[in-house]
Number of protein chains: 2
Amino acid sequence: MTEKKRSRPAYHQSYEVIRDWILNGVLSAGTKIVEEKIAAELGVSRTPVRESIRKLENEGLIVNKRVVKPSEKDLRNLFQVRILLEGYSARCAASFLGEDELHSLYECVEIARKGTRDEIMNVNERFHEIIVTASNNPVMIDIIDRMQSIIYLFRKTAVFSNRPHLIDEHEQIYQAIKAGDGEKAEILMKNHLQADLDFCLHLM
Amino acid sequence: MTEKKRSRPAYHQSYEVIRDWILNGVLSAGTKIVEEKIAAELGVSRTPVRESIRKLENEGLIVNKRVVKPSEKDLRNLFQVRILLEGYSARCAASFLGEDELHSLYECVEIARKGTRDEIMNVNERFHEIIVTASNNPVMIDIIDRMQSIIYLFRKTAVFSNRPHLIDEHEQIYQAIKAGDGEKAEILMKNHLQADLDFCLHLM
DNA sequence: TTTGTTAATTTTGTATACAATAATTTAAAA
DNA sequence: TTTTAAATTATTGTATACAAAATTAACAAA
């Protein structure tokens with residue numbers, strides 16, 4: 001029936017809907033975002049929609065009332081930060097990752113070798129998520145989370161184009177972490193992200 | 001007369017006022033923030049105040065409708081990120097900083113040796129600002145900016161207590177940058193920030 | 001055409017009213 | 001007293017109306 005989840009406030013729900021519209025291309029890059037129009041489509045007033053938009057602006061998904069269209073420079077800048085933070089996280093992971101998480105990490109590699117595209121997308125995202133969580137630093141996790149939306153838009157390209165060695169690189173990182181070699185894990189992670197960036201920029 | 005700056009929207013002005021109230025201790029750590037009360041004090045409606053509060057929540061200056069009271073762990077986490085990003089920025093500065101900015105950097109050191117407390121606060125902030133700008137990466141600059149408010153609250157402690165060697169460390173960093181030694185600049189910056197953190201935590 | 005200017009329209013910004021929820025107080029029962 | 005439940009109050013969440021600003025359209029002059 002027409003049951004609505006009443007738990008979360010409207011500004012939160014509409015945030016999620018709008019974000020998904022952007023990530024799935026329903027709202028494509030460059031589209032003008034008009035509060036009233038979105039509000040009408042969602043069946044709520046402008047007030048909660050306004051808040052959602054502000055949050056999306058914060059994440060960089062909306063810029064100047066338009067769906068972002070990141071330039072090559074934007075992506076390079078984003079990845080520079082990501083390389084620093086995830087590189088450090090990989091180093092932490094080598095020291096602090098527990099048995100079970102280590103196993104989850106390996107599963108991500110395994111599934112990525114034989115899964116469907118959607119599965120691959122998921123486990124590759126999860127691979128990075130496990131490592132970032134190992135930093136055990138909410139500030140860092142939060143910053144990386146904020147970048148996720150744009151990274152997501154971007155990563156689709158890499159997987160749909162089946163970048164060579166991507167999974168191999170994940171496996172190498174996994175091995176370094178398992179071996180407790182933080183130095184190596186960090187370097188491999190940095191190179192991995194740089195390769196990802198270069199490959200995708202090359203396609204554009 | 002009662003001239004108001006009409007240029008910027010109310011939500012922006014009130015953001016700045018509330019932020020300053022927090023930074024100057026007019027609103028002290030733990031204080032409950034109530035939209036209507038703030039709105040009344042500012043002579044505006046809740047609508048723009050609401051937006052301001054959301055932005056401050058974003059910066060971490062308001063948490064759970066209360067003025068933040070960062071724990072030691074919070075500060076350690078924040079500084080871990082700062083060390084990574086500003087360390088990298090210092091390395092960039094060694095390669096890319098121009099003559100005039102280099103000179104500004106030196107001025108910061110000079111003034112810090114003989115200025116008043118307020119002047120010292122200012123030039124020390126500026127010292128870091130110049131270096132961060134040298135990263136030439138808006139994403140990175142933006143993240144560090146977001147952390148500035150909490151860092152500001154924190155830095156007061158360090159200067160008012162006159163931490164030993166603080167200016168010397170700045171000068172060493174300046175020298176490394178001037179010499180174009182990125183490796184050294186990065187290491188010195190990281191140590192400097194770590195020392196800052198440790199000193200202030202020690203006082204708490 | 002192009003340019004510049006005014007008018008029309010759209011869109012955002014702000015105030016206000018009311019609804020939903022959360023916090024607090026009050027009062028009754030154990 | 002202490003505890004619980006109900007009622008009250010305070011606060012946030014949402015809708016709506018109107019004002020201010022930005023954008024677009026229309027049209028006159030070069």
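Chain identifiers are assigned alphabetically (A, B, ...) following the order of the sequence lines, protein sequences preceding nucleic acid strands; residue numbering begins at 1 within each chain.
Which of C:dT12, D:dT11, C:dT14 sits closest to the side chain of B:V34 comes down to D:dT11. Here D:dT16 is the nucleotide among D:dT16, D:dT12, C:dG13 with the atom lying nearest to any side-chain atom of A:S45.
Distances shown here put a side-chain N or O of B:Y11 below 4.0 Å from the OP1 or OP2 atom of C:dG13. The shortest distance between the side-chain N/O atoms of B:R46 and the OP1/OP2 oxygens of D:dT12 is not below 4.0 Å.
Between the side chains of A:D168 and A:Q172, no donor-acceptor pair of N or O atoms lies under 3.5 Å. Between A:Y15 and A:E59, the side chains place a donor N or O and an acceptor N or O closer than 3.5 Å (distance only, hydrogens not considered).
Between the NZ atom of B:K55 and the P atom of C:dG13 there is a distance of 13 Å, given to the nearest Å. Here D:dT14 presents its C1' atom at 13 Å from CD of A:Q13, a figure rounded to the nearest Å. Rounded to an integer number of Å, the gap from A:L42 CG to D:dG13 C1' is 16 Å. In this structure, A:K37 places its NZ atom 10 Å from C1' of C:dT10, rounding to the nearest Å. Residue A:I38 contributes atom CD1, which lies 15 Å from atom P of D:dA15 at whole-angstrom precision. One interatomic measurement links the two molecules: OH of A:Y15 to P of D:dG13, which rounds to 17 Å at whole-angstrom precision. Rounded to a whole Å, the CD atom of A:E35 is 15 Å from the P atom of D:dA22. With rounding to whole Å, B:R50 atom CZ is found 12 Å from D:dA15 atom P.
Taking the nucleotide of DNA chain C with the nearest heavy atom to each of A:K65 and B:V44, the more 5' of the two is matched to A:K65. Between B:H12 and A:K32, it is A:K32 whose nearest contact on DNA chain C lies nearer the 5' terminus.
Note on A:I33: only backbone sugar-phosphate atoms sit closer than 4.0 angstrom, heavy atoms only; bases stay farther off.
For A:R113 and A:E171, the salt-bridge test passes: some basic side-chain N is under 4.0 Å from an acidic carboxylate O. Taking 4.0 Å as the cut-off between side-chain N and carboxylate O, A:E35 and A:R50 count as a salt-bridged pair.
Nearest heavy atom pair, residue A:L75 against residue A:L197, reads O-CD1, 4.0 Å.
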